[in-house]
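The sequence lines fix the lettering, A, B, ..., with proteins before strands; numbering per chain opens at 1. When reading the values below, keep in mind they use all heavy atoms of this one structure, side chains included, and skip hydrogens, waters and symmetry mates.
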Amino acid sequence: MTGYIIRRVLQALPVFFGTTLLIYFMVFAMPGDPIVALFGDKGVNPAIADQLRAQYHLDQPFIVQYLIYIGGIFQGDFGTSFSGQPVGQILASTFPVTLRLALIAVVIEMIVGVAIGLVAGLRKGKWFDNSSLVVSLILISTPVFVIAFVSQFFFAIKLDWARATVSGEANFPELILPGMVLATLGVAYIIRLTRSSVIETASQDFVRTAYSKGLSKSRVTRVHILRNSMIPVVTYVSIDFGILLVGATVTEGIFNVPGVGRTLYQAIIRGEGPTVVSFVTVMVLLYLAVNLLTDLLYAALDPRIRYDK
Amino acid sequence: MTNKDFHFVADIDKTQVAEIDAVRISDKPTNLYLDAWRDLRKRPMFYIAGLLILLVTTVAFFPDLFTQTPPNDNCLLANSNGAPTAGHPLGFTRQGCDIYSRIVHGTSTSLSVGLIVIVLTTLLGIIFGSLAGFYGKWVDAILSRAGDIFFSIPYILAAVVIMSVFSDFRNVWVISAAIGIFAWPSTARVLRGEILRVKQSDYVMASTAIGVSRFKILLRHVMPNSIAPVIAVTTISLAAAIVAEATLSFLGVGLPTSTMSWGNDISQAQADLRTAPQVLIWPSLALSITSLAFIMMGEAIRDALDPKARAQR
Amino acid sequence: MSTPLLSIRDLAVEFPNSQGTVRAVDNVNLDLWEGETLAIVGESGSGKSTTAHAIINLLPGAGKIAGGSIVFDGKELVGASESELEAVRGSQIGFVPQDPMSNLNPVWSIGFQVEEAIAANNPGLDKKAVRAEAIAVLQKAGLADADKRMKQYPHQFSGGMRQRVLIGIGLSANPKLLIADEPTSALDVTVQRTILDHLATLTKASKTSVILITHDLGLAAERAEKIVVMYRGKVVEAGPSLEVLKNPKHPYTQKLVAARKAAPRKEHMGTDVAVSISNISKVYQIKGSGFKSTPFTAVDNVSLEIKRGTTLALVGESGSGKSTVAKMLLGLEKPTSGEIKVDGKNIAGMNSRELFDLRRHMQPVFQDPYGSLDPLQNIANTIAEPLVTHKVGTRKEREARVRELLDQVSLPWAISSRYPSELSGGQRQRVAIARALALNPELVVLDEAVSALDVLVQAQVLELLARLQDELKLTYLFITHDLSVVKIIADRVAVMNKGQIVEFGSTKDIFSKPQQEYTRNLLDAIPGAKLL
């Protein structure tokens, strides 16, 4: 097990450096001088500009800047945004919001997706199955911003059940509507995944053997079919959770949620290199960690998988 | 058969023993692709999706067949966010332009982006996926890690960064490249997995024993047998690319506002969501239906190509 | 004992397909008395398993009982409600399924799956008693350290042990009837024998009636008092085992019996050596935890000689290393040490050009008829591939050669434009043989080439192989786990166990006076060996 984890971490290293270098390169290549932009209409003071450039290492070649940044990040220094706020602080304030949002979305995905997928799979070919397939296809093909606007329009504007945008606090009740929007795609995928997984498990030999022992239909469904078909679903959900943690740019933008996705997007648009690189670095670390945890979770759910071999 | 020791023999005339292993062949040859094609033609989803795709493609190539109203000229501010009138069935945008005409003329943008992206992702995906899967070992290690690098950045975010870098020359090619460069690893992964499976088959071993070269085996035997899931994934990723283009335009880093695109129209309509939701609804609907058509087509193809899924129906 | 325990009358089972319905079982009648063992024998698709599944109404997919009656212990089971059937399953009728690999749920422990069966059929028992009973059941089924193994998962058990668990589950509630559906066909012969012996002991002690489903007439005759032979969904012959075996009346049964008897065979002893294998070993590095790997010796210092124009059978159970020897001979794997000489030339010293030329003289036929042909190449292309690869002849000449080859393996030219999915397993194997013969090789390596085929088809392919050997003066290396086939085809036999050759000699000698304990065990384990 330890050996497996070490191997995976070693595999993740080139991915981590490759990804951060790539994003650093792209950010470095962004047009426009952020220092000049900082002065706005006031006119550039060359002395201050040079001082700022040196402070942000903008006068160094980019590979050096990159190494300085990565080095700093591993020492807990995430750099400073152009507005003077430490990036670590921005992360600390935005991440919990995104975490709450992701949690809401994942819980909705699990409950709604699994329930509908299970019923559809057990009643293969009946009207419930067919209509759930159609609904999931429609959800998958509708862009998230359309779903966001439509639900904002109906639930917030027409029905007034929720606020159209989220306040600075971004507490749980406020995040339910954006969480629902964020969950729609996952719900659609989980319905389909659960359904096909249930159908496949139900046709396995061991299910027939379970019936042959004299077990009741409900017990076979709960203990043998459901337990086995949940393995791919739980794996999907945990990877999806990792993706949601990395931030949902569009949904956070539309509902004005002060989370990682919106903040990162704004930083990219403003050309704030340090913020972008620090955010992406943390996100990639998080994503790789969630992937590793997913594999371990998979091993916990399926005794056949043992990574110590 | 009440007697315990009774020796029963069936009426020999009624249960003729056929010639052992006699050859019985059907009227038409069958293999995976021929079967899938026959299966597809029995699916209503295939026809609905096919008709929609045909319609969208026709609109993209010949917009003038569908509307005479110019999308940009003759826009009257007096008509801003106006309701439908005669000759303008869907009403007017904020600038007072005809919504229907704008949707019709925006179609080719979405479709071009979708097509360029899948050509790019399929090309990169096939090269990376097949080499990694077939040659294994260090080739696989390097190519798979390269794929992971592109895969661990969410591709919308990456595209936002690229589009900011190219803020001065945004066009259909640049936006397609921005989406495609980060979307290919999923195609490569699907193909790699399939190739790993097919590589194990006895027919690959048989060809090796005949003396067929490794590369010829890859081309003649392994690729044709592993490409089926890629076809489905590609069709579905065409829909994803169309949506991604609209999303980038919506985020303000897509095509310039002078280019007619559904994403741009949706983006501009969001300001008036409260007062004039129809301005946003129509281009969104066009976008969703187009993407639905390609997703349905991909689903139908996937099910038709997968004997296991065929059995699930 | 005036009424049978189980009485099936006019049973019909249907499966829906695209054209309507197919009758998988039609007009089946049988009676089974208490304490009796009855075998249903048939090839794949004969309806034997379907009949068994119909008794406890666990037909796969959308299969339905279309008519007839099944009376068990005075109760009609056709049309019984789901809860009535639940009461019968397990407690009255136990079931042992065919494939030990797929019939235990991989995510639950062995103990859980046995306890579940006991709890379902003994509602009064508390948890502790259920556990104690489960351990007792497993011990009875032949798992000595049952209490320690309760927490383990199916993948930690070997095939034979899993089958013991399944037998334990089937017998856990002391049912009056046990249905055993090919309970040992996935296992090695020696394991098969111990398990069937054990099953017989258990059921005899408890006076349990048994329905044994099998494709093997010899096994049926050896294990059951009564045999029912099924063919294409119908019963063609039924009666006391020995009577049916010795005096088969229906043409189909007669063919089955004949297929098991070795036809007189012209012996080829040969003089010059075609292949000589000396002291080869193959060591694989098995990945262990972390970065360590442990060596595993698959083939251990094996030496063999194959004389030109003869057949050498390499016999062994799964994991004996026999297929690895074949792969090394074919140049698909490199030996860790040792030397392989074909026509006096050392394979290891060859460059790729020489190896390529060697392939003209040496061709394989693999086991799996469903995997050894590319499903997307038509038959003509498949057979012509060696010709194209070695640039033999013009397009026209190659077509003529494909025609000739199809003729040699008794397949019509009409299939040349068809794809493998339209052919049966036996026909695909014949295509594979035609492909192997395309370049006029001297040596053909047959790696379990007939093992996956039904008995009659197997006999037919063996006949074809013998005919081709005579006509084309071929040398065969025939790799198999099935000794009953060896008798029919081989001139010499090498027995392999755990990577080593344990015995080598002429077929006659090996069968009449085996020297080694291991060989004797293998021979004794051939089902029905003494009866035929």
How close do [X] and [Y] get, counting heavy atoms only, and between which atoms?
X      : Y     : value
B:S152 : A:T19 : OG-OG1, 3.3 Å
B:I149 : A:P14 : CD1-O, 3.9 Å
B:R145 : A:Q11 : CD-O, 3.4 Å
A:L137 : B:M45 : CD1-CE, 3.4 Å

Residues in residues 292-300 of chain B that sit under 4.5 Å from chain A, counting heavy atoms only: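 Within residues 292-300 of chain B, the residues under 4.5 Å from chain A are B:L292, B:I295, B:M296, B:E299.
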
From [X] [atom1] over to [Y] [atom2], what is the distance, rounded to the nearest 0.5 angstrom?
X      : Y      : atom1 : atom2 : value
B:I153 : A:M283 : CD1   : CE    : 8.0 Å
B:I236 : A:I140 : CD1   : CD1   : 8.0 Å
A:I269 : B:S164 : CD1   : OG    : 4.5 Å
A:F145 : B:S284 : CZ    : OG    : 6.5 Å
B:D148 : A:Y287 : CG    : OH    : 8.0 Å

Max heavy-atom pair count under 4.5 Å with chain A, selected residue of B:V253, B:T247, B:L287, B:V243: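 Of B:V253, B:T247, B:L287, B:V243, B:T247 has the most heavy-atom pairs under 4.5 Å with chain A.
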
When B:A246, B:A146, B:S144 are compared by non-hydrogen pairs under 4.5 Å with chain A, the top option: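 Max contact count across the listed options: B:A246.
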
A:F154, CZ: over 12 other non-hydrogen atoms inside 6.0 angstrom: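 No, not enclosed.
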
A:F149 and B:F250 aromatic ring geometry - parallel, tilted or perpendicular at 30°/60° bounds: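 It falls in the perpendicular class, over 60°.
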
B:S291 side chain to A:S141 backbone, donor-acceptor under 3.5 Å: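 Indeed, once roles are kept as given, a pair shorter than 3.5 Å links the two residues.
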
Full working for side-chain contact (heavy atoms from CB on, under 4.5 Å) between B:V165 and A:F25: CA-CA 10 Å; B:V165 174; A:F25 172 74; over 6 Å; no

Option from A:I268, A:T249, A:V276, A:L264 for which side chain to side chain contact (heavy atoms under 4.5 Å, CB included) with B:V160 holds: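 That would be A:I268; it is the only one of A:I268, A:T249, A:V276, A:L264 passing the side chain to side chain contact (heavy atoms under 4.5 Å, CB included) with B:V160.
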
Within-4.5 Å side-chain heavy-atom neighbours: A:L22 and B:F182: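 A:L22 vs B:F182: side chains touch.
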
Contacting region of B:A239 [heavy-atom separation from chain A under 4.5 Å]: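 Contact with chain A: none, neither part.
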
